[in-house]
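Below, chain A is the first sequence line, B the second, and so on; all start at residue 1.
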There are 2 protein chains.
Amino acid sequence: MKVNIFDVAKKSGLSVVTVSRVLNNSPSVREKNRQKVLQAIKELNYIPNSAARTLVRGKTGVIGLTITALGDTVFDCIVKTVNDRLKQSGYFLAISISNEADHEMEEASSFLFQEDRVDGIIVLSPVREEQYIAELEIKGIPYVVIDNQNEHANIPTINVDNYKGGYEATKHLLSLGHTRIAHVSGEVLFLSARERQKGFIDALADEGLSPFLIANSRFGIRSGYQVMRDWIQSGQVPTAVFAGDDAIALGVVEALEAGGYRVPEDVSVIGYDDQELASEVHPRLTTIRQPAGQMGEYAVKVLLDIINGSPIELTKFRLVPELIVRESTGICRDQRQNT
Amino acid sequence: MKVNIFDVAKKSGLSVVTVSRVLNNSPSVREKNRQKVLQAIKELNYIPNSAARTLVRGKTGVIGLTITALGDTVFDCIVKTVNDRLKQSGYFLAISISNEADHEMEEASSFLFQEDRVDGIIVLSPVREEQYIAELEIKGIPYVVIDNQNEHANIPTINVDNYKGGYEATKHLLSLGHTRIAHVSGEVLFLSARERQKGFIDALADEGLSPFLIANSRFGIRSGYQVMRDWIQSGQVPTAVFAGDDAIALGVVEALEAGGYRVPEDVSVIGYDDQELASEVHPRLTTIRQPAGQMGEYAVKVLLDIINGSPIELTKFRLVPELIVRESTGICRDQRQNT
DNA sequence: ATGAAAGCGCTAACAG
DNA sequence: CTGTTAGCGCTTTCAT
């Protein structure tokens, strides 16, 4: 049943070494023999045993990526890019969903951490960052983390400048003539949420303005909906709102429309992330795009450099997000009246 | 740097065999010695080499799962369940995103297929089903496919009864007094879309009714939006619509509200899948829930049975979906007037 | 209860 | 250009 390299050698009338050579594309094999081997491989339906190869080579050829949940189109894009880039470098990608609901410390380790199944790991937006890092350090597994929480950590990271994102989003609103601008943030527990908010406040301050309203809420549609509904009920309606993410933005839009306000005619709404949803919903969301592809690229580059022991200049990257203007933001009504 | 079992043996003053025994929880090790070994392992920070173990044992202990894209909360749930169930059985899960945009045949194989890195594979809702299956069969890798496209294929599958889903969704609308019911389907290229539509038509027929309108469209928000908008513009507004999935439903609701219709007061809308979105959007969507958890469970069970050569009674499962009533459907207005 | 020895399938020297 | 010979790190007989 199980056919191995010896079977192929016998069948092709050559030695295992030669077979191994054609397996590894060694140029030093007579074309005629190469064909014989290939032929035998095909006939026998032979597949090299990866465990044996890994054992002797000392490396697995696979890079792991841990992620906490699917259902995020930005992550999806990152993962796809990582997958492609890795393939180009001759590596395979293995993804592991780390159940964040797992009983605390119990088993922080995904299968990737166990033993030495991967040559390196990309940690994507971890919840328990410290734990992961500690474990990886101990085990001596090369890694890089994308979107980390602890800004002080001196580890290889790929991040996006959330401060700038918040700042730019607000500036966009400002440029449209808005002055009564509110912000619905995601959990301030997240560094990203805090940074976006900071950018928001500073952008306003730079114009001598202060926030019309700020709600420290949660990421998600319902959250945005509730906040906006409450504001409407209390008669406090801004002319523009900067939402902590696209889901919040969607909720805000829903609440606004339910309350009889039109977006963007009556109030403008800008999201964050540029999830797939953002360009499908009506009105299509103006938002701050995460440079997902770039994040994936850089992560792979940094990780591979570390693995190969390449001279590493820099292992901390801070990428910049991009403003995507669509339909949910427009000139401030008050402004329009003046014209 | 690299510490192996011999180092542990030396440090603990015992043989590699004994070390191996404690590694594998063999009961035949004197408690005192077990402690010594454990101690040495800890001090040396020893991690067993999985390649070596795999090589000698003949099995990897990891199950692969291929998926085409993240961003789907139903898949997310399936994957999480699979992950947990597998862990319970002592297996690890490795996920592989199969780039469907890949140059055709070129490299249909994910890293999971290459060589023999996994003991079995769960194929989740494949696009190029036939190709996958063929490859898996040739390589002799145990597998099971969830949500397959080819209804005739005689392979281990876990499916959901989409016909019943479509039928029940329609019956729900019918029970609310609706008679002018329309359907916006996903790509009829998908077996699931065709089956749902069939259930829709049959449910209507059983009441002596025929579809008010049917649009063979695509899955997605914009698609639902466009179809509904066109219907409204042409003055053909149903009192209820059965959407091929939750995204379509969301688009339909948006178009309806943009057109001045209220959901569910003026027209009822039912979705399909019960994506996370469904319960977050306003109004919260009535929908047909996919039994995601169950799918994961059955898939693992079937696959493990195949791997273990257990006497297998059945390898084809057809699970039943569930109607989740929320806010987007209500009594037909005409009906209400009569009461 | 413990250990010595024989591989698991493959590749990396080192000859020829 | 091709083959012989050692292992890679671990588990598994088979003794003791």
- What residues, two or more places apart in sequence or in another chain, satisfy salt bridge (charged side-chain N to carboxylate O under 4.0 Å, His left out) together with B/Glu276? none
- Can you tell me how far P of C/dC10 sits from NZ of A/Lys10, to the nearest Å? 14 Å
- Note on the structure: B/Asn49 CG to C/dG9 P, in whole Å, measures 16 Å
- Message: I need the CD1-P distance between A/Ile41 and C/dC10, as an integer number of Å.
- Response: 10 Å
- Rounded off to whole Å, could you give me the OH-to-C1' distance for the A/Tyr46 and C/dC10 pair? 7 Å
- Message: It should be established whether A/Asn4 places a side-chain nitrogen or oxygen under 4.0 Å from OP1 or OP2 of nucleotide C/dC8.
- Response: no
- Which distance, rounded to the nearest 0.5 Å, do you find between the CD1 of B/Ile78 and the CG of B/Asp147? 7.5 Å
- Any residue meeting salt bridge (charged side-chain N to carboxylate O under 4.0 Å, His left out) with B/Arg34, in chain and number order, not counting sequence neighbours: none
- Is the phosphate of C/dT11, meaning OP1 or OP2, less than 4.0 Å from a side-chain N or O of A/Arg53? yes
- For B/Arg318, enumerate each residue passing the salt bridge (charged side-chain N to carboxylate O under 4.0 Å, His left out) test, keeping only those at least two apart in sequence or located in another chain. B/Asp161, B/Glu195
- Message: With a 4.0 Å cutoff (strictly under), does any side-chain N or O of A/Asn24 reach OP1 or OP2 of C/dT11?
- Response: yes
- Message: How many whole angstroms separate atom CG of B/Leu23 from atom C1' of D/dT11?
- Response: 10 Å
- Starting from the 5' end of DNA chain C, give me the residue, B/Ser28 or B/Ala52, whose nearest nucleotide shows up first. B/Ser28
- What is the distance from NZ of B/Lys2 to P of D/dG7, rounded to the nearest Å? 20 Å
- Which part of the nucleic acid does B/Val19 contact within heavy-atom distance under 4.0 Å: base, sugar-phosphate only, or nothing? nothing
- Value in whole Å for how far the C1' atom of C/dG9 lies from CD1 of A/Ile47: 14 Å
- Among pairs that include at least one residue of residues 291-310 of chain A, which meet ring pair (Phe, Tyr, Trp, His ring centres under 6.0 Å), considering only residues two or more places apart or in two chains? A/Tyr298-A/Phe317
Identify all pairs in which a protein N or O lies below 3.5 Å from an N or O of nucleotides 3-7 of chain C, and state each distance.
{"from": "C/dG3", "atom 1": "OP2", "to": "B/Ser15", "atom 2": "N", "distance (Å)": "3.0"}
{"from": "C/dG3", "atom 1": "OP2", "to": "B/Ser15", "atom 2": "OG", "distance (Å)": "2.9"}
{"from": "C/dG3", "atom 1": "OP2", "to": "B/Thr18", "atom 2": "OG1", "distance (Å)": "2.7"}
{"from": "C/dG3", "atom 1": "N7", "to": "B/Arg21", "atom 2": "NH1", "distance (Å)": "3.3"}
{"from": "C/dG3", "atom 1": "O6", "to": "B/Arg21", "atom 2": "NH2", "distance (Å)": "2.6"}

- Item | Within 6.0 angstrom of B/Lys316 NZ, more than 12 heavy atoms from elsewhere | yes
- Item | Listed partners of A/Lys11 passing salt bridge (charged side-chain N to carboxylate O under 4.0 Å, His left out), at least two apart | A/Glu43
- Query: Separation of B/Leu55 atom CG from D/dG9 atom C1', in whole Å?
  - Reply: 9 Å
